[in-house]
Amino acid sequence: MPVRNLILVAFVEPVADGLVFPRSEWPLHITLVRFDVGSTDGGDVAEHIAALAQEPAVAALGALLTVGEDAGFGRNGSVPVSLIQPQPDLQNLHEQLVAAVGSLGGTILTPAHTLSGYRPHVSHHGTKRLNLGDAVVLERIALVDMAPDGDRTVRRILKLWRRAEAEA
């Protein structure tokens, strides 16, 4: 049974549905949940995840987030990030997406960083970053394939939910 490596994220930079980008060139984003999932009975597993994520994603669009302090994540704190201050709509979205992944038998790759351990953040990317006190509106939530067609060097947006104002 083939396994798909997928991730649900909230992009804080403009992106387009179907966008393919190098794994080293992620647009700024908040990870919502990263997971592996096998095939489901009939149909594409990504379509099943997208269907389960539809309602919570649409409900969360428009939530206002605030950027908090900088921190270091990863091995020895070597990955600079901007934390996102706790916000009930974002936490609720995360929890609903974790439940959706679990309902399809998905394996969450960072279980210690989910549910009560969830620490939403935006990783810095070179000079691109968010700053303390910045306001961020949840405008773009996406399902991303981490290895489209088996190619681990690129990422592809499979489904993008947008606020109407974000499309203008």
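Numbers here are sequence positions counted from 1.
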Q | Main-chain N/O of V33 paired to H94 side chain as donor or acceptor, under 3.5 Å | A | no
Q) Run the side-chain contact (heavy atoms from CB on, under 4.5 Å) check on I84 and V67 step by step: do they pass? A) CA-CA 5 Å; I84 301 298; V67 178; 4.1 Å; yes
Q) Is there a chain of hydrophobic side chains (I, L, V, M, F, W, Y, each step under 4.5 Å between heavy atoms) that links L93 to V136? A) yes
Q: Find out if a path of hydrophobic residues (ILVMFWY) with successive side-chain heavy-atom gaps under 4.5 Å connects L8 to L52.
A: yes
Q | Heavy-atom side-chain proximity of D70 to R129 below 4.5 angstrom | A | yes
Q | R162 and D17 ion-paired at < 4.0 Å | A | no
Q.
When you compare the side chain of L83 with that of F73, does any pair of heavy atoms fall below 4.5 Å?
A. yes
**Q.** Exam field: side chain S82 to backbone L130, donor-acceptor pair closer than 3.5 Å
**A.** yes
Q.
To check you understand the geometry: which heavy-atom pair defines the closest contact between A16 and L160, and what is its length?
A. C-CD2, 3.9 Å
Q | Interatomic spacing from CG in L158 to CD1 in I7 - rounded to 0.5 Å | A | 12.0 Å
Q: Kindly indicate, with the supporting measurements, whether the criterion side-chain contact (heavy atoms from CB on, under 4.5 Å) is fulfilled by V98 and F35.
A: CA-CA 9 Å; V98 167; F35 58 97; over 6 Å; no
**Q.** Distance (rounded to the nearest 0.5 Å) between D89 CG and L138 CG
**A.** 8.5 Å
**Q.** Nearest non-hydrogen partners of W161 and A50, listed with the distance
**A.** CZ2-O, 3.4 Å
(Q) Between V9 and R140, is the side-chain contact (heavy atoms from CB on, under 4.5 Å) condition met? List the steps. (A) CA-CA 8 Å; V9 301; R140 297 166 201 88; over 6 Å; no
Q) If you take all heavy atoms of A57 and I141, which pair is closest and at what distance? A) O-CD1, 3.5 Å
Q: Heavy atoms only: give me the nearest Q87-A63 pair and the separation to one decimal.
A: NE2-CB, 4.0 Å
Q: Could you tell me whether the side chain of E13 and the main chain of L28 form a donor-acceptor pair under 3.5 Å?
A: yes
Q.
Checking L65 against V12 for the side-chain contact (heavy atoms from CB on, under 4.5 Å) test, could you report, in this order, the C-alpha distance in whole Å, the side-chain angles of both residues, the deciding distance, and whether it holds?
A. CA-CA 11 Å; L65 311 175; V12 299; over 6 Å; no
Q.
If you compare all heavy atoms of P56 against all heavy atoms of Q96, which two are closest, and at what distance to 0.1 Å?
A. CB-OE1, 3.1 Å
Q) Does CD belonging to Q54 count more than 12 external heavy atoms closer than 6.0 Å? A) yes
Q) Is the side chain of R155 donor-acceptor paired with the backbone N or O of D145 at a distance under 3.5 Å, no angle test? A) no
Q.
Given L97, which partner from the list L143, L32, I49 fulfils the side chain to side chain contact (heavy atoms under 4.5 Å, CB included) test?
A. L32
Q) Considering only heavy atoms from C-beta outward, does the side chain of Q91 approach that of Y118 to under 4.5 Å? A) yes
Q. Is D149 salt-bridged to R156, cutoff N-O under 4.0 Å?
A. yes
